[in-house]
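Here the structure comes first, spelled out in C-alpha cells, and everything after it is commentary.
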Amino acid sequence: MNKIICSDYNEVCAAAADIFAQQLSLKPSSVFGLATGSTPVGLYEELKRRCSARELDFSKAHAFNLDEYYPIEKNHPQSYKAFMDLHLFDEVKFESTQIPNGEAADPHIECARYDAAIEAAGGIDLQLLGIGINGHIGFNEPNTVYPVGSHLTELTESTLIANSRFFGEGEKQPETALTMGLGPIFNAKHILLLITGAAKAQVAKKLFDGKLYTDVPACFLLLHPNVTVILDKAASG
Ligand code: F6R
C-alpha cells in the first residue's frame, strides 16, 4: 500500500488528478471506476479544469460508478446519476459512462448485468474509492459475510446518518443501494483511495496498524498488490 500524506484537501485532489493523468497517458481508452460522495468533488473539479485547459482528454475512456441508491429515479436530485452528471459528466465527456440502474425492475439481474459489463470492458484500470466512517468502500458495509459480486445491500445506520445531509427535510432517503461488490473492485489493476477530514482519522488509523479488521471492509485493500492511499493531514491524525 503506497501512502501519500498531503497538507490539505486541495493537495489531495491535485495528487489524485495527477494519477488520473498518468493513467490516461498510459492508456487513453482506460476504464475508470468512479465514486460519489463529498470526497471526490474537488478531484472532479480539478479534472474539469485540466480538461478545459486541454491538458486531459477522457473522450476515449470509459467510466463505471461504484454504486447507486435503489430504488431511485435517475433524475432524482440525490441519485448518483444526477451527482455524476452535475460534478463531472456534463463537462467531461467519456466514450461511455455507466452507473448501476436505480430504476431496474430486478436489482439482481441489474447487478449481474453490471458485473458482466465491467468484465466485457476488460475490467477496471484505475478504481477511485472514498471510505465511509464505518470503513465501507462502495456500499460494501461492515459485515461477517461479503458478497463477491455486485449486489443489492441494506445501508447501515451509520451510512444513513452520514448521508442524510444530502436529503432535504421530508425527502425520503433510500435505505438500500446497488453496489459493486468487492470482487470487481479488487480486480482493478490500480486502486486509489482518498481519505480526507478529521472524521475519517479513526478509520484511517485501523487501515494502517498492520491488522486486517474484517469489520472494516477497506482493510481488505491491504491484500491488493497495487493500492495508493492519499490522505490529508486531518485524516492521517
Ligand atoms: C460513494 C461511495 C461511498 C463513499 C463514502 C464516503 O460512491 O461508494 O463509499 O465513498 O461513503 O463518502 P464521503 O466522501 O461523502 O465521505
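We count ligands from 1, going down the list as the structure has it; atoms in each ligand are counted the same way. Along the sequence shown, the residues carry numbers beginning at 1.
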Short side-chain donor-acceptor distance under 3.5 Å, Asn134 and Glu141: yes
Report yes or no: does Arg165 have a heavy atom closer than 4.0 Å to ligand 1? yes
Any nitrogen or oxygen of Asn163 lying under 3.5 Å from a nitrogen or oxygen in ligand 1? Just yes or no. no
Numbering as shown, the atoms of ligand 1 that approach Thr39 to under 4.0 Å (heavy-atom distance): 13 (P), 14 (O), 16 (O)
Which atoms of ligand 1 are found less than 4.0 Å from any heavy atom of Leu66? 8 (O)
Quick one: are the ring centres of Phe166 and Tyr69 less than 6.0 Å apart? no
Tell me, which protein residue and heavy-atom name are nearest atom 5 (C) of ligand 1, and how many Å apart are they? His136 NE2, 3.4 Å
Name the one of Ile191, Thr228, Val227 that satisfies side-chain contact (heavy atoms from CB on, under 4.5 Å) with Met1? Val227
Of the options Leu129, Leu231, Ile230, Ile5, which is the one that meets Ile195 in a side-chain contact (heavy atoms from CB on, under 4.5 Å)? Leu231
Return the closest protein heavy atom for atom 16 (O) of ligand 1 as residue, atom name and distance. Lys200 NZ, 2.8 Å
Quick check: does Asp67 get an N/O under 3.5 Å from an N/O on ligand 1? yes
Once the angle between the rings of Phe139 and His136 is folded into 0 to 90°, is it parallel (under 30°), tilted (30 to 60°) or perpendicular (over 60°)? perpendicular
May I ask you to identify the nearest protein heavy atom to atom 9 (O) of ligand 1, giving residue, atom name and distance to one decimal place in Å? Gly138 O, 2.8 Å
Lys27, NZ atom: more than 12 neighbouring heavy atoms under 6.0 Å: yes
Using a 4.0 Å cutoff against the non-hydrogen atoms of Gly37, which atoms of ligand 1 qualify? 14 (O), 15 (O)
Of all protein heavy atoms, the one nearest atom 1 (C) of ligand 1 is Thr36 OG1, 3.1 Å
Decide if atom CD of Glu55 counts as having more than 12 heavy atoms of other residues, nucleotides or ligands within a radius under 6.0 Å. yes
Take a 6.0 Å sphere around NZ of Lys233 and say whether it holds more than 12 heavy atoms from other residues, nucleotides or ligands. no
Subset of ligand 1 atoms that lie under 4.0 Å from at least one heavy atom of Gly130: 10 (O)
Considering only heavy atoms, does Ile131 approach ligand 1 within less than 4.0 Å through its side chain, its backbone, both, or neither? backbone
